[in-house]
Amino acid sequence: MDLTDNKIKDWRFLIDFPNLTTLILDHNSITHHVKFPKCDKMEMLWLNHNNITNLGVIVSTITSSFPNLRFLSMMNNEAAPSYFNGGTVQQHNDYRQYLIASLHHLEVLDDIPISQDQRLEAQRIYGMTLLHKPSKKKKRSKTKSEND
């Protein structure tokens, strides 16, 4: 589904498309605060030319909403530094490594296939912690003597 240049603010309607595998959302003024419904079959997502500034927040949204994503493009967003938007080579490499480590099904990022060497380097730098959500600690119940 290509929804380029639509300025849509509420993406909940995507829940009505459970078999959707491709979503193109270029030029939509999307920010890192965007909320998407869970779309398990989504394999390709394009978020080029939007207003995404916080990589960590958008990656968290992508991983929970699109757990089987294989192709992602976020070119020309502040959170996706590259030569074209003033980012350095190191910033671009770090951006790629972070996404590769975070989205373990990813095969292509910004039109560039992910090599096995890049995957190993991303795991070396970011470890496996990004591939698995940390378990939430249970709150300890107060004992009767602590409540008194």
Side-chain angles (χ1 to χ4, degrees), residues 1-140:
M1 179 183 302
D2 188 344
L3 296 172
T4 298
D5 287 315
N6 274 286
K7 311 298 183 241
I8 298 169
K9 299 290 182 202
D10 185 352
W11 298 99
R12 288 180 288 185
F13 71 91
L14 292 174
I15 203 161
D16 294 328
F17 299 92
N19 295 315
L20 189 64
T21 59
T22 300
L23 187 57
I24 302 171
L25 302 177
D26 298 350
H27 298 279
N28 269 290
S29 299
I30 293 171
T31 71
H32 59 270
H33 296 291
V34 67
K35 302 292 182 225
F36 293 110
K38 187 159 186 164
C39 299
D40 287 327
K41 294 190 178 182
M42 187 69 61
E43 295 181 349
M44 180 181 292
L45 178 63
W46 288 5
L47 295 169
N48 303 304
H49 300 277
N50 280 291
N51 298 321
I52 300 167
T53 58
N54 188 311
L55 188 59
V57 173
I58 196 68
V59 166
S60 178
T61 299
I62 290 170
T63 57
S64 62
S65 298
F66 312 115
N68 297 304
L69 200 64
R70 295 175 39 223
F71 305 91
L72 175 64
S73 188
M74 291 191 9
M75 293 185 279
N76 285 310
N77 282 286
E78 186 180 322
S82 72
Y83 172 80
F84 300 106
N85 65 4
T88 66
V89 171
Q90 181 56 46
Q91 288 171 324
H92 178 72
N93 289 341
D94 192 49
Y95 152 78
R96 280 188 64 83
Q97 291 163 344
Y98 183 78
L99 282 168
I100 292 166
S102 301
L103 305 169
H104 59 278
H105 293 295
L106 208 58
E107 296 174 17
V108 176
L109 175 58
D110 297 334
D111 292 334
I112 302 171
I114 296 167
S115 70
Q116 185 61 27
D117 287 344
Q118 288 174 327
R119 196 168 304 284
L120 291 171
E121 182 68 1
Q123 288 175 352
R124 184 184 72 77
I125 291 171
Y126 287 101
M128 297 302 285
T129 57
L130 293 177
L131 298 178
H132 306 287
K133 289 186 178 183
S135 61
K136 293 183 179 179
K137 293 182 179 178
K138 289 183 180 180
K139 276 190 170 179
R140 186 176 69 89

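We number each residue from 1, following the sequence as shown.
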**OP:** Ignoring hydrogens and angles, tell me if any N or O in the side chain of Asp10 forms a donor-acceptor pair with the backbone of Arg12 under 3.5 Å.
**Re:** yes
Original post:
Do any pairs count as a salt bridge (Lys or Arg N to Asp or Glu O under 4.0 Å) and have a residue in residues 50-69, sequence neighbours left out, and if so which ones?
Top reply: none
Subject >> Thr61 versus Ser64, closest heavy-atom pair with distance >> reply: O-OG, 3.2 Å
Subject >> Nearest atoms (heavy-atom pairs only) where Asn51 meets Ser29 >> reply: ND2-CA, 3.5 Å
Subject >> Straight-line distance of Gln90 CD to Gln97 CD, nearest 0.5 Å >> reply: 7.0 Å
Original post:
Which atoms form the tightest heavy-atom contact between Pro81 and Gly87, and what is the distance?
Top reply: CB-CA, 3.9 Å
Subject >> Main-chain N/O of Ile114 paired to Arg119 side chain as donor or acceptor, under 3.5 Å >> reply: no
**OP:** Step through the shown structure and confirm whether more than 12 heavy atoms of other residues, nucleotides or ligands are within 6.0 Å of CD1 on Ile15.
**Re:** no
Original post:
Under the side-chain contact (heavy atoms from CB on, under 4.5 Å) criterion, do Arg96 and Ile112 qualify, and how do the steps go?
Top reply: CA-CA 10 Å; Arg96 280 188 64 83; Ile112 302 171; 3.7 Å; yes
**OP:** Take the angle between the ring planes of Phe36 and Phe66 and call it parallel below 30°, perpendicular above 60°, tilted in between.
**Re:** tilted
Original post:
Out of curiosity, Leu25 CG to Ile30 CD1, how far, rounded to the nearest 0.5 Å?
Top reply: 4.5 Å
**OP:** Using only heavy-atom distances, determine whether the side chains of His32 and Thr53 contain a donor-acceptor pair under 3.5 Å.
**Re:** yes
Subject >> For Leu47, the option from Ile62, Ile24, Val34 that meets side-chain contact (heavy atoms from CB on, under 4.5 Å) >> reply: Ile62
**OP:** Ignoring hydrogens and angles, tell me if any N or O in the side chain of Thr63 forms a donor-acceptor pair with the backbone of Ser60 under 3.5 Å.
**Re:** yes
Original post:
So, do Asp111 and Met75 sit near enough that their side-chain heavy atoms are less than 4.5 Å apart?
Top reply: yes
**OP:** Indicate the atoms forming the closest heavy-atom contact of Asn19 with Lys41, along with that distance.
**Re:** OD1-NZ, 2.9 Å
**OP:** Evaluate whether atom CZ of Phe84 has more than 12 neighbouring non-hydrogen atoms of other residues, nucleotides or ligands under 6.0 angstrom away.
**Re:** no
Original post:
Short question: side chain of Asn50, backbone of Asn48 - any donor-acceptor pair under 3.5 Å?
Top reply: yes
Original post:
Where is the tightest heavy-atom contact between Ser65 and Pro37, given as atom of each residue plus distance?
Top reply: CB-O, 3.6 Å
Original post:
Can you tell me how far CD1 of Ile58 sits from CD1 of Ile52, rounded to the nearest 0.5 angstrom?
Top reply: 4.5 Å
**OP:** Over all heavy atoms of both residues, which pair between Pro67 and Cys39 is shortest? Give the atoms and the distance, please.
**Re:** CD-O, 4.1 Å
Original post:
If you measure from OG on Ser82 to CG on Asn93, what distance do you get to the nearest 0.5 Å?
Top reply: 11.5 Å
Original post:
Distance from Asn68 atom CG to His105 atom NE2, nearest 0.5 Å?
Top reply: 5.0 Å
Original post:
Hey, are Asp26 and His49 close enough side-chain-wise for a donor-acceptor pair under 3.5 Å?
Top reply: no
**OP:** Measure from the side-chain N and O atoms of Asn28 to the backbone N and O of Asn6, and report whether any donor-acceptor pair falls under 3.5 Å.
**Re:** yes
**OP:** For Asp110 and Met74, indicate whether the former's side chain and the latter's backbone hold a donor-acceptor pair under 3.5 Å.
**Re:** yes
**OP:** Just jot down the side chain to side chain contact (heavy atoms under 4.5 Å, CB included) partners of Glu107, sequence neighbours excluded, or say none.
**Re:** Arg70, Phe71
Original post:
Could you give the distance from CG (Leu69) to OG1 (Thr21), rounded to the nearest 0.5 Å?
Top reply: 11.0 Å
**OP:** Kindly determine whether Tyr126 and Asp94 satisfy side-chain contact (heavy atoms from CB on, under 4.5 Å), including the steps that lead there.
**Re:** CA-CA 10 Å; Tyr126 287 101; Asp94 192 49; 2.5 Å; yes
**OP:** May I ask you to check whether Ser115 and Asp117 show a side-chain donor-acceptor distance below 3.5 Å?
**Re:** no
**OP:** Can you sort out the partners of Leu20 under side chain to side chain contact (heavy atoms under 4.5 Å, CB included), two or more places apart, ordered by chain and number?
**Re:** Met1, Leu14, Phe17, Leu23, Met42
